[in-house]
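Heads up: the structure comes next, in structure tokens.
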Amino acid sequence: MSERASPVTQTEEQHHPDEQHDEHESTADSADDADDSGSKTPSESPPTPVTTGAESVVRALENAGVEYAFGVQGGAIMPVYDALYDSEIYHVTMAHEQGASHAADAYGIVSGEPGICLATSGPGATNLVTGIADADMDSDPMVALTGQVATDFVGNDAFQETDTIGVTTPVTKDNTFSSDPDRVGSDVSEAFALAREGRPGPTLVDLPKDVTNAETDSEPDEPRVPDTYEVQQRADPEIVAAAAERIENANRPAMLFGGGVIKGDATDVCREFAIEHDIPVITTMPAIGSFPEDHELAMEMAGMHGTGYANMAITHCDTLIAVGTRFDDRLTGGIETFAPDAEVIHVDIDPAEISKNIRADYPLVGDAGTVVEQLADAVDATPEATKWRAQCQQWKSDYSMAYDAPEDEPVRPEFVVEALDEATSDRAVVTTGVGQHQMWACQYWTYTEPRTWVSSHGLGAMGYGLPAAVGARLAADDDQEVVCIDGDGSFLMTLQELSVAVRENLDITVVVLNNEYIGMVRQWQDAFFEGRHSASEYGWMPEFDKLAEAFGAKGFRIDDYDDVADAIDGALAYDGPAVIDAHIDPQANVYPMVPAGGDNGQFALTEDQL
């Protein structure tokens, strides 16, 4: 195991990552730099009075305890950046606004508090939309602040004007056009509170330049949600009692942990319930880490590329206790074949998710931890399910995730992922892009802790991994490694953010599983399109290890199995951003696989079974 001390911690003396630079001198030119070194001396005096709308915006963030913000400067947002200049909030200038939104999203996942991203009007705001939509799909807490043209110009097709409210309404939990300088800071405070309250999600405040430039002495309200916003915490006690009786009488019980277990900080209570009552646990992809995968009850991830044993458990259980999941299509496959013999107990804080995709026999609306505690109090006896538990263990043996790795053949991606896992601590944070590499990172890394898996699930946004690693690094504890497992296609989409990792001297290890394909597309083309590789072959990829060096990072390359250990050890030991260009078997595929809309119990282990 490689032990490394990250240059980024949450302690006061290391609040600014660029203060930790050694041979990597900061080249940051963001608007919050206060001297040539890029560092600022925290003020011990009381806050100065608010004099502008922009200062009220920043004061709202400070009152909320915000430490980091991610963004790109521009004309309409410039007053806010000017106000940030004297703030202790550390601003990370990203290379692209999409990177800012992904970094903020990942910060929210790892920290549990809303990540903050900023952009100017027009293209700045629209470039945030991919990350905002990702946070919306995955219920991640995030606040986006966008500049807007002056109110007198709104609707006149002014330079860099876009209807940001109209564009983002479908992909935000709440958004606000802030038109009053006396109210603008409170609008930001409310957006922060809404982003984390109940079911988390992204909020946005659109900030016209005349509003943020305007004079005001109005201090923002403390973060709080509107009085009209109500979240049900406890489920109906009669339904809880009925669900408890069903659990006690189950012959084949299974728990399904969704992302809401982690978002709702319900990991401990859900684990305790499952272990006390000896119930096998399946997870969705967003819930990876909510239950330790090395526990005997762990069936791991279910769904399209879930383990065979997880899919068998879901298919054959008679009672499914689902907590904090929206039952998306990548989990369920065909609705009619999903858990066909089960009575479903569905716990979710959002009533809109109950019976939306899978009918709930016992709908329990409320906070995940609170409702599972209600169930724990109501369940008097552990279900008699000895044969069922033995069957689940047998499936784990029958459908193990074993693979062949002949030394005279190209490197298997699974081998690289497992080697990385073995070289890092149990608390290492893993970020990914989207594609085959994402699935291998799910399947062949053993996750034991929540908030250590950071990926794009519902939206499936390629390019997520590297900017997410930037946000994750700033949110993680100093003794946690941060590893980005990426694909060549995903990495190519946002590799400019490597410049940010170098400038800020962030201790991040990026491993590019390079097969010179959009691998998941190629796999589907081989399976369903007679092997016609239309626009999926990427034989013109750069040498990522050399490209890393050009950015100022450390580059490593893997061509065969003999390179793996040295490359991983060298990258992890390097105190700063490192990139491993791992050339893997270009024909490696992800299995098990359930075809879209298929039966989870009829998963394929090879292409000829599809």
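Heavy-atom basis, side chains included; hydrogens, waters and symmetry copies ignored.
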Practice item. With rounding to the nearest 0.5 Å, note down the distance linking NZ in K173 to CD1 in I132. Key: 15.0 Å
Point to revise | Between Y309 and E300, a side-chain donor and acceptor under 3.5 Å | key: yes
Practice item. Please check if the side chain of D140 supplies one atom and the backbone of A106 the other of a donor-acceptor pair under 3.5 Å. Key: no
Review point. Under the 3.5 angstrom rule, does the side chain of D174 hit a backbone N or O of T203 as a donor-acceptor pair?
Key: no
Exercise for review: Mind checking the CD1-CG spacing from I314 to D341? Nearest 0.5 Å is all I need.
Suggested key: 13.0 Å
Practice item. Please round to the nearest 0.5 Å and tell me the distance separating atom CG of L118 and atom CZ of F70. Key: 10.5 Å
**Study point:** No-hydrogen, no-angle side-chain donor-acceptor test under 3.5 Å, Q480 and S425
**Key:** no
**Study point:** Sidechain-backbone polar pair: N63 side chain, E222 backbone, donor-acceptor under 3.5 Å
**Key:** no
Review point. Under 3.5 Å, side chain of R234 to main-chain N/O of G366, donor-acceptor pair present?
Key: no
Point to revise | Interatomic spacing from CG in N589 to CE in M439 - rounded to 0.5 Å | key: 13.5 Å
Point to revise | Exceeds 12 heavy-atom contacts within 6.0 angstrom, atom CZ of R330 | key: no
Check your understanding: After noting the C-alpha distance and the side-chain angles of W445 and I288, does the key distance pass the side chain to side chain contact (heavy atoms under 4.5 Å, CB included) rule?
Key -> CA-CA 10 Å; W445 191 290; I288 286 174; over 6 Å; no
Study note, to complete from the structure: Scanning both residues in full, the closest heavy-atom pair of L375 with V240 reads CD2-O, 3.9 Å
Check your understanding: What is the minimum heavy-atom distance between V171 and P202, and which atoms define it?
Key -> O-CG, 3.5 Å
Check your understanding: Would you say the side-chain atoms of D507 pair up with the backbone N or O of R473, donor to acceptor, closer than 3.5 Å?
Key -> no
Practice item. Report yes or no: does D236 contribute a side-chain atom to a donor-acceptor pair with the main-chain N or O of E238 at less than 3.5 Å? Key: yes
Practice item. Assess whether salt bridge (charged side-chain N to carboxylate O under 4.0 Å, His left out) is satisfied between R246 and D361, documenting all intermediate values. Key: CA-CA 10 Å; R246 175 63 194 176; D361 299 287; over 6 Å; no
Review point. What are the two closest non-hydrogen atoms of A244 and A378, and how far apart are they?
Key: CB-CB, 3.6 Å
Review point. So, S456 side chain and G460 main chain: donor-acceptor pair closer than 3.5 Å or not?
Key: yes
Check your understanding: When you look at D105 and Y464, which way does the side chain to side chain contact (heavy atoms under 4.5 Å, CB included) test go after all the steps?
Key -> CA-CA 10 Å; D105 177 80; Y464 179 88; 2.5 Å; yes
Review point. Between H457 and W453, what is the ring plane arrangement, given parallel below 30°, perpendicular above 60°, and tilted in between?
Key: tilted
Point to revise | Note, C117 side chain near M142 side chain (heavy atom, < 4.5 Å) | key: yes
Exercise for review: State whether a side-chain donor-acceptor pair under 3.5 Å links N175 with T168.
Suggested key: yes
Check your understanding: Which value, rounded to the nearest 0.5 Å, describes the distance between I485 atom CD1 and S490 atom OG?
Key -> 12.5 Å
Study note, to complete from the structure: Looking only at heavy atoms, the pair that brings V470 and V500 closest together is CG1-CG1, 4.3 Å
Exercise for review: Measure from the side-chain N and O atoms of D421 to the backbone N and O of T446, and report whether any donor-acceptor pair falls under 3.5 Å.
Suggested key: yes
Point to revise | Side chain proximity check, T452 to V430, heavy atoms < 4.5 angstrom | key: no
Study note, to complete from the structure: Tested for side-chain hydrogen bond (donor to acceptor under 3.5 Å, both in side chains) against Y362, the lone hit among E343, H346, E245 is E343
**Study point:** E414/R412 under salt bridge (charged side-chain N to carboxylate O under 4.0 Å, His left out): CA gap, chis, key distance, verdict
**Key:** CA-CA 5 Å; E414 304 95 327; R412 295 290 302 186; 2.8 Å; yes
Check your understanding: Short question: side chain of H295, backbone of F291 - any donor-acceptor pair under 3.5 Å?
Key -> no
Point to revise | Distance in Å, L331 CG paired with N357 CG, rounded so as to fall on 0.5 Å steps | key: 9.5 Å
Review point. Do Q438 and S455 meet the criterion of a side-chain donor-acceptor pair at a distance under 3.5 Å?
Key: yes
Review point. Does the E197 side chain pair with the main chain of V225, one donor and one acceptor, at a distance under 3.5 Å?
Key: no
Exercise for review: Taking atom types as modelled, find out whether S290 and T283 have a side-chain donor-acceptor pair closer than 3.5 angstrom.
Suggested key: no
Point to revise | Nearest non-hydrogen partners of F603 and P592, listed with the distance | key: CD1-CB, 4.1 Å
Review point. For T432 and H437, what are the C-alpha separation, side-chain angles and deciding distance, and is it a side chain to side chain contact (heavy atoms under 4.5 Å, CB included)?
Key: CA-CA 8 Å; T432 77; H437 67 277; 4.2 Å; yes
**Study point:** Heavy-atom side-chain proximity of P253 to D278 below 4.5 angstrom
**Key:** no
Exercise for review: For the pair V594 and D599, evaluate side chain to side chain contact (heavy atoms under 4.5 Å, CB included) and give the outcome as yes or no after the intermediate values.
Suggested key: CA-CA 7 Å; V594 179; D599 182 344; 5.9 Å; no
Review point. What's the verdict on side chain to side chain donor-acceptor pair (under 3.5 Å) for Y403 and E418, showing C-alpha distance, side-chain angles and the deciding distance?
Key: CA-CA 12 Å; Y403 59 93; E418 288 187 331; 2.7 Å; yes
Practice item. Locate the shortest heavy-atom distance separating F273 from V372; write the atom from each residue and the value. Key: CB-CG1, 3.9 Å
**Study point:** For F192, all residues meeting ring-ring contact (aromatic ring centres under 6.0 Å, His included), sequence neighbours excluded
**Key:** none
Practice item. Could you tell me whether the side chain of M255 reaches within less than 4.5 Å of the side chain of L320, counting heavy atoms only? Key: no
Check your understanding: Do Y229 and E190 have side-chain atoms, one donor and one acceptor, less than 3.5 Å apart?
Key -> no
